[in-house]
**Student:** 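Here it is, the structure in full.
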Amino acid sequence: MNDAAILLQTLGIMVVSAAVMMLLLKPLKLPTIVVCTVAGLLVGPITGLLDAGQRGDADGEVAGAVDQAIEGISHFGIVLLLFLVGLELSLDRLRDLGRVTLLGGVGHVIVTTTLGFLLSLLLGIPMVAAILVAFAMTLSSTVVVIRLLEQRRELTSLHGRISVGVLLIEDLTVILALTVLASIQPGETPDLLAAARRLPLALVATAGLLGLAILASRHLLARPFGFAARRPETLVAWGLGWCLVFVVLAKLLGLSAEIGAFLAGISLAQLPSAGDLNRRLHPLMNFFIAVFFVSLGAGIDLRAATAQLPTVLVLAAFVMLAKPLLVAFLLGRLGMGGRSAMLAGLCLGQVSEFSFVFAALAAKTGLLDEAMVGVIAAVGLLTILLSAWVIQHADPIEGWLAARGVPRLLRLPPEPPAPTVPEAHGHVLVVGMNAMGRRVVDALVAAGEQVIAIDSDLAKLRGRPCRVLHGDIDDLHLLEGAGLDRARLVVTALQIEPVNRLLAFRCRERGVPCIVHAFDGSLVPDLERLGVDHLVDSKMQGNLRVVSILAEEGIARP
């Protein structure tokens, strides 16, 4: 069997095993990274399926080539992940983090890493490895926390915003840590003094690349990416191309590809099309990340991890118990109320997916052995699994802790009236900023209604007298961000049959009234079967009909 066939067979085993585990474990609502790592354990050290697929290679050359190919695919997934994290870090968002989030995040990283280092030394872990393990234990999972908070609709709550802010601070520290690792040459015997001499150059190179990213964002990217945003495939191609440009620049400067991808994401995060690009790249990233975590699970030495079981359990207890209490204590010192501080702490009681990435890169430099990588992976799996349950039951757990005086022991201040971010409620979604859509928006705004305009063309959204969202309406995340469940009415002026049908179906699922422009009379029966509340079946009379329906709904006067 040649190397191409073995590569396809290996990828097939990895992808199919991940898909099967996702199906079997779906009732548990586990994070994807946990499911994929479990799938890797199953096809790797437990059953040996991945090794069996390469046994036909007598001299090991093909197996080695396949391993390198899998590693390359996994590495590309990590690069995409860092790129998407950078896309979340707009400068405006960083400025809005506030004193509590900034100081709480920095203080949490410093104090938790210090305590984790001392604990690791007590567990007998060598000093250099203890530093790396402590940092890995400090990081919390951005993916897990944000997804679970979205499910609970607490992303805009006070503790939700503080948790996300702390996670952003942690993401920035990951980049600094990767910069430090970039100063150590892979494959050489670790020399901390030599690395310390190379570190200033790595920091200067990172700062220079960041400056280039910001300058490009302000003076170069707005117009071409505004044009690209009109065509989704062009936007994705240009976004990936820009990411690869920064990856190449980072490698030329002696930095890691992850740093370049992260800084490329930051430069695009300042553009109006950043949200749409982020949503479109997620499916691609999910595939590569799945391969990474399956390969990570397949590479875990179960015997070594089992031999280190006491260490795994102690570190997991530190992450699940000590870290949330420490975060709550720090936030309380900064004036945050007891309940919100406790809830924010509970949200951060797990190990991050970046901890796996950090450990894997540290192993390449020789700073961590496979046993310690296995320990970090085992602690990550255990804490993410338990933390998902904790976040889903955060309110009763916080109440149980409050009843036993934990906030009082931590000297947390009483909960003040918490400011909340106003979210759209009872609003009207208008989809498609063609002539009809623009007139509907203007009429609704003039009538004093709260309106959100949606279109995939940024140019058509400019100048609208209401909140706007850029993207395709077939993206469920976009609809969630637009507050479809809380909308009073949805109006689509689009002349795209599949999109109108899908939107009508989702409105019916959520019980939201919907007005659809049936631009072709043959579409009327299908839309009626979908339960559309109102149909506009004449282009010439469309505007008058929409105004009449709005009056019937009590939204605007004719």
**Student:** Going by side chain to side chain contact (heavy atoms under 4.5 Å, CB included), name the residues that satisfy it together with Val406, two or more places apart in sequence or in a different chain.
**Tutor:** Leu325, Met342, Leu401, Leu410
**Student:** Among residues at least two apart in sequence or on other chains, which ones pass side-chain hydrogen bond (donor to acceptor under 3.5 Å, both in side chains) with Arg462?
**Tutor:**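 With sequence neighbours excluded, Arg462 shows a side-chain hydrogen bond (donor to acceptor under 3.5 Å, both in side chains) to no residue whatsoever.
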**Student:** Please indicate whether Arg404 has more than 12 foreign heavy atoms, meaning atoms of other residues, nucleotides or ligands, lying under 6.0 Å from its CZ.
**Tutor:** yes
**Student:** Quick one: salt bridge (Lys or Arg N to Asp or Glu O under 4.0 Å) pairs with a partner in residues 108-137, sequence neighbours left out?
**Tutor:**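 Listed by first then second residue: nothing to list.
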**Student:** Start with the C-alpha distance between Gln450 and Val428, add both sets of side-chain angles, then the distance that settles side chain to side chain contact (heavy atoms under 4.5 Å, CB included), and finish with yes or no.
**Tutor:** CA-CA 6 Å; Gln450 186 181 9; Val428 180; over 6 Å; no
**Student:** Can you name the residues that form a side-chain hydrogen bond (donor to acceptor under 3.5 Å, both in side chains) with Arg339, not counting sequence neighbours?
**Tutor:** Asp395
**Student:** By the ring-ring contact (aromatic ring centres under 6.0 Å, His included) test, which pairs, at least two apart or in different chains, include something from residues 368-410?
**Tutor:** Trp389-His393
**Student:** Considering all heavy atoms of both residues, which atom of Leu348 and which atom of Lys323 are nearest to each other, and what is their separation?
**Tutor:** O-CE, 3.0 Å
**Student:** Are the side chain of Ser387 and the backbone of Ile384 linked by a donor-acceptor contact shorter than 3.5 Å?
**Tutor:** no
**Student:** Flag the pair Leu343 / Cys347 as yes when at least one side-chain heavy-atom distance between them is below 4.5 Å, and no otherwise.
**Tutor:** no
**Student:** Does the side chain of Ile452 come within less than 4.5 Å of Val468's, by heavy atoms?
**Tutor:**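 Heavy-atom side-chain distance check fails, nothing below 4.5 Å.
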**Student:** Does Asp369 have any salt bridge (Lys or Arg N to Asp or Glu O under 4.0 Å) partners at least two apart in sequence or in another chain, and if so, which?
**Tutor:**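 Salt bridge (Lys or Arg N to Asp or Glu O under 4.0 Å) check on Asp369 returns nothing, list empty.
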**Student:** Which donor-acceptor pairs under 3.5 Å do side chains of residues 308-320 form with protein atoms, sequence neighbours excluded?
**Tutor:**
residue: Gln308; atom: OE1; partner: Thr311; partner atom: OG1; Å: 3.4

**Student:** Could you tell me whether the side chain of Glu170 and the main chain of Ser140 form a donor-acceptor pair under 3.5 Å?
**Tutor:** yes
**Student:** Excluding sequence neighbours, so at least two apart, what forms side-chain hydrogen bond (donor to acceptor under 3.5 Å, both in side chains) with Ser217?
**Tutor:**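 For Ser217, no residue satisfies side-chain hydrogen bond (donor to acceptor under 3.5 Å, both in side chains) once neighbours in sequence are set aside.
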**Student:** Does Asp485 reach the side chain of Val512, with side-chain heavy atoms less than 4.5 Å apart?
**Tutor:**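 Result no, sub-4.5 Å side-chain heavy-atom pair not found.
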**Student:** Keeping to residues at least two apart or across chains, list the side-chain hydrogen bond (donor to acceptor under 3.5 Å, both in side chains) pairs with something in residues 109-131.
**Tutor:** His108-Thr112, Thr113-Thr138
**Student:** Can you list everything that forms a side chain to side chain contact (heavy atoms under 4.5 Å, CB included) with Leu381? Sequence neighbours excluded, please.
**Tutor:** Val34, Thr37, Leu41
**Student:** Under the ring-ring contact (aromatic ring centres under 6.0 Å, His included) rule, collect the residues that match up with Phe135, sequence neighbours excluded.
**Tutor:**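 Phe135 satisfies ring-ring contact (aromatic ring centres under 6.0 Å, His included) with Phe358 once adjacent residues are dropped.
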**Student:** Check side-chain hydrogen bond (donor to acceptor under 3.5 Å, both in side chains) between Ser355 and all other residues, then give those that pass, not counting sequence neighbours.
**Tutor:**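 Partners of Ser355 by the side-chain hydrogen bond (donor to acceptor under 3.5 Å, both in side chains) criterion come out as none, since no residue qualifies.
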